[in-house]
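All residue numbers refer to positions in the sequence shown, counting from 1. Atoms considered below: every heavy atom in the structure, side chains included; atoms not considered: hydrogens, waters and symmetry mates. Every value quoted in this text rests on a predicted model; they were computed, and no experiment measured them.
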Amino acid sequence: MEQLIINAIENDWVEVYYQPIYSTEERRFTAAEALMRIKDENGKIIPPGIFIDVAENNGMILRLGEMVFEKVCRFIRENQIRQYGLQYIEVNLSVIQCAYEQLADDYIRIMEENSLSPDLINLEITESASVSAKKTLLENMQSLMSYGVRFSLDDFGTGQSNLNYIVDMPVDIVKFDRSMINAYFENGKAKYVMDAAMHMIHGMDLEIVSEGIETKEQYQTMEDLGISYIQGFYFSKPLPEQEFLAFIAGTQPRSAVSVSR
């Protein structure tokens with residue numbers, strides 16, 4: 001697996017897939033999450049669950065993450081995503097990246113090289129990242145926020161989840177993990193916990209994204225609860241660049257898209 005990652009880096013076999021995010025208020029797709037994929041020598045896509053841990057353990061996640069960010073910035077610039085009605089793209093930061101002192105400098109440089117408006121980027125941190133490298137993470141966040149980048153807290157509802165993370169981290173969006181969504185429908189206690197968390201998060205004027213939504217029932221329930229954004233297979237799986245653009249152009253309200261269909 002290490003050699004496969006090395007080959008992917010050296011041969012630029014790193015790809016970015018995009019999963020659309022739907023606004024329940026605007027009734028359209030307003031953002032997307034960028035997701036890393038790598039290919040082997042036969043062109044087969046390797047999902048992140050197989051290689052991410054290896055890349056984090058050997059430090060190669062720093063280069064992979066930088067390559068993904070470069071590709072996302074180039075994708076935004078070349079396709080002028082606002083003409084598709086998209087407001088920003090979310091990019092994940094791994095635990096190792098959050099502990100990297102040069103992260104903010106490197107990412108600001110990449111955005112400047114692409115003449116990219118920073119409000120087109122939203123960076124996702126995880127709760128584990130905020131624990132393991134809090135001081136460095138906060139310094140990186142402050143630098144990037146001063147530049148104009150916004151942040152999301154990803155995977156809320158997993159691991160050592162509690163509301164202190166939201167209080168401590170200067171984020172604008174909280175993403176409810178798929179496991180938390182599933183528990184809401186399967187466990188009476190989980191329902192009360194999620195309801196309480198949702199009301200407190202809304203009380204702090206933060207937005208919520210529900211991840212892993214797969215059915216109409218789940219979507220309708222999240223909408224009725226006042227969840228701002230929905231992400232999941234109910235709308236679309238993660239798609240390669242051109243398939244994603246075609247999907248967005250074909251599903252957005254005509255008033256939200258300025259590209260020809």
Side-chain angles (χ1 to χ4, degrees), residues 14 16-21 30-37 48 52 55-56 61-77 81-82 86-159 161 165-177 201 204-211 228-229 231 238 244:
V14 178
V16 182
Y17 279 43
Y18 295 87
Q19 186 171 37
I21 299 173
T30 56
E33 180 178 357
L35 297 159
M36 182 192 305
R37 303 286 188 268
I52 287 293
E56 288 188 340
I61 193 65
L62 290 175
R63 180 58 188 140
L64 285 172
E66 185 175 293
M67 291 177 72
V68 166
F69 192 68
E70 289 171 341
K71 289 175 181 290
V72 170
C73 289
R74 186 165 62 246
F75 171 77
I76 293 172
R77 171 176 53 82
I81 65 168
R82 284 198 173 112
L86 301 174
Q87 298 168 359
Y88 60 88
I89 301 292
E90 295 183 345
V91 183
N92 290 285
L93 293 179
S94 73
V95 174
I96 304 301
Q97 287 175 286
C98 290
Y100 180 53
E101 293 182 356
Q102 298 301 313
L103 176 76
D105 292 340
D106 288 349
Y107 275 33
I108 290 172
R109 171 183 54 79
I110 293 169
M111 285 184 281
E112 289 179 342
E113 289 174 352
N114 284 275
S115 301
L116 204 69
S117 176
D119 64 351
L120 290 165
I121 294 292
N122 182 293
L123 295 176
E124 295 186 8
I125 61 171
T126 63
E127 295 168 50
S128 57
S130 64
V131 171
S132 63
K134 189 171 182 179
K135 181 176 182 296
T136 302
L137 170 62
L138 283 171
E139 290 173 351
N140 279 321
M141 289 180 72
Q142 291 298 336
S143 296
L144 287 159
M145 289 171 62
S146 296
Y147 186 69
V149 174
R150 297 203 311 162
F151 281 83
S152 297
L153 180 62
D154 196 17
D155 293 338
F156 183 78
T158 62
S161 172
Y165 294 106
I166 302 173
V167 174
D168 292 341
M169 293 292 108
V171 298
D172 297 294
I173 299 171
V174 177
K175 304 190 75 173
F176 283 173
D177 182 73
I201 293 168
M204 289 184 275
D205 291 326
L206 302 178
E207 298 169 342
I208 298 175
V209 177
S210 288
E211 296 183 292
S228 305
Y229 299 98
Q231 180 179 351
F244 168 75

Undergrad: Out of Gln102, Gln97, Glu66, which residue meets the side chain to side chain donor-acceptor pair (under 3.5 Å) rule with Tyr107?
TA: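 The passing option is Gln97.
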Undergrad: Drop me the distance from Gln87's CD to Arg82's CZ, to the nearest 0.5 angstrom.
TA: 8.5 Å
Undergrad: Locate the shortest heavy-atom distance separating Cys98 from Thr136; write the atom from each residue and the value.
TA: O-CG2, 3.7 Å
Undergrad: I'd like to check Ile173 versus Val209 (side-chain heavy atoms, cut-off strictly below 4.5 Å). Are they in contact?
TA: yes
Undergrad: Would you indicate whether the side-chain heavy atoms of Phe151 and Met145 approach each other to under 4.5 Å?
TA: yes
Undergrad: Using 30° and 60° as the class limits, which term best fits the ring planes of Phe244 and Phe75: parallel, tilted or perpendicular?
TA: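 Answer is tilted, since the angle falls between 30° and 60°.
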Undergrad: About how many Å separate SG of Cys73 and CD1 of Ile110, when rounded to the nearest 0.5 Å?
TA: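 Answer for the CD1-SG pair, Ile110 versus Cys73, is 6.5 Å.
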Undergrad: Locate the shortest heavy-atom distance separating Ile108 from Ser143; write the atom from each residue and the value.
TA: CD1-O, 4.1 Å
Undergrad: Just wondering, do Leu62 and Ile96 contact through their side chains at under 4.5 Å, heavy atoms?
TA: yes
Undergrad: Can you measure from CD1 (Ile61) to CD1 (Ile52) and round to the nearest 0.5 angstrom?
TA: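 Result: 4.0 Å between the selected atoms.
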Undergrad: Examine distances only and state if a side-chain atom of Asn140 and a backbone atom of Tyr100 form a donor-acceptor pair shorter than 3.5 Å.
TA: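 Answer holds: yes.
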Undergrad: Over all heavy atoms of both residues, which pair between Met111 and Ile121 is shortest? Give the atoms and the distance, please.
TA: SD-CG1, 4.1 Å
Undergrad: Which atoms form the tightest heavy-atom contact between Tyr18 and Ala34, and what is the distance?
TA: CE2-CB, 3.9 Å
Undergrad: Give the C-alpha distance, both sets of side-chain angles, the deciding distance and a yes or no for side chain to side chain contact (heavy atoms under 4.5 Å, CB included) between Leu153 and Ile125.
TA: CA-CA 5 Å; Leu153 180 62; Ile125 61 171; 4.1 Å; yes
Undergrad: As an exercise, state the distance from NZ of Lys134 to CD of Glu139, rounded to the nearest 0.5 Å.
TA: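 Atom-to-atom, Lys134:NZ and Glu139:CD are 13.0 Å apart.
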Undergrad: Evaluate the criterion side chain to side chain donor-acceptor pair (under 3.5 Å) for residue pair Ser152 and Asp154; output intermediate values, then yes/no.
TA: CA-CA 6 Å; Ser152 297; Asp154 196 17; over 6 Å; no
Undergrad: Taking the side chain as every heavy atom from C-beta outward, state whether Leu93 and Glu124 have any pair of such atoms under 4.5 Å apart.
TA: no
Undergrad: Once you round to the nearest 0.5 Å, how far does CD of Glu90 lie from CG of Asn92?
TA: 8.0 Å
Undergrad: Under the side chain to side chain contact (heavy atoms under 4.5 Å, CB included) criterion, do Asn122 and Val149 qualify, and how do the steps go?
TA: CA-CA 6 Å; Asn122 182 293; Val149 174; over 6 Å; no
Undergrad: List the steps and the verdict of side chain to side chain contact (heavy atoms under 4.5 Å, CB included) for Met36 and Val16.
TA: CA-CA 5 Å; Met36 182 192 305; Val16 182; over 6 Å; no
Undergrad: Would a 4.5 Å heavy-atom cut-off, applied to side chains only, mark Phe156 and Lys175 as touching?
TA: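 SC-SC contact between Phe156 and Lys175 ruled out.
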Undergrad: Check side chain to side chain donor-acceptor pair (under 3.5 Å) between Glu56 and all other residues, then give those that pass, not counting sequence neighbours.
TA: none
Undergrad: Where do Val14 and Lys71 land on the side chain to side chain contact (heavy atoms under 4.5 Å, CB included) test, with the steps shown first?
TA: CA-CA 9 Å; Val14 178; Lys71 289 175 181 290; 4.2 Å; yes
Undergrad: When rounded to the nearest 0.5 angstrom, what distance separates CG in Leu123 from CZ in Arg150?
TA: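 Between atom CG of Leu123 and atom CZ of Arg150 there are 11.5 Å.
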Undergrad: Between Arg109 and Glu113, is there a side-chain N and carboxylate O pair less than 4.0 Å apart?
TA: yes
Undergrad: Going by heavy atoms in the side chains, are Gln19 and Leu35 under 4.5 Å from each other?
TA: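 A side-chain contact exists here, since the closest heavy-atom pair is under 4.5 Å.
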Undergrad: Once side chain to side chain donor-acceptor pair (under 3.5 Å) is applied, do any residues pair with Gln142, and if so which ones, sequence neighbours excluded?
TA: none
Undergrad: Using side-chain heavy atoms (C-beta onward) and a distance below 4.5 Å, is Ile201 in contact with Glu207?
TA: no
Undergrad: State, yes or no, whether a side-chain contact exists between Leu137 and Met169 at a heavy-atom distance under 4.5 Å.
TA: yes
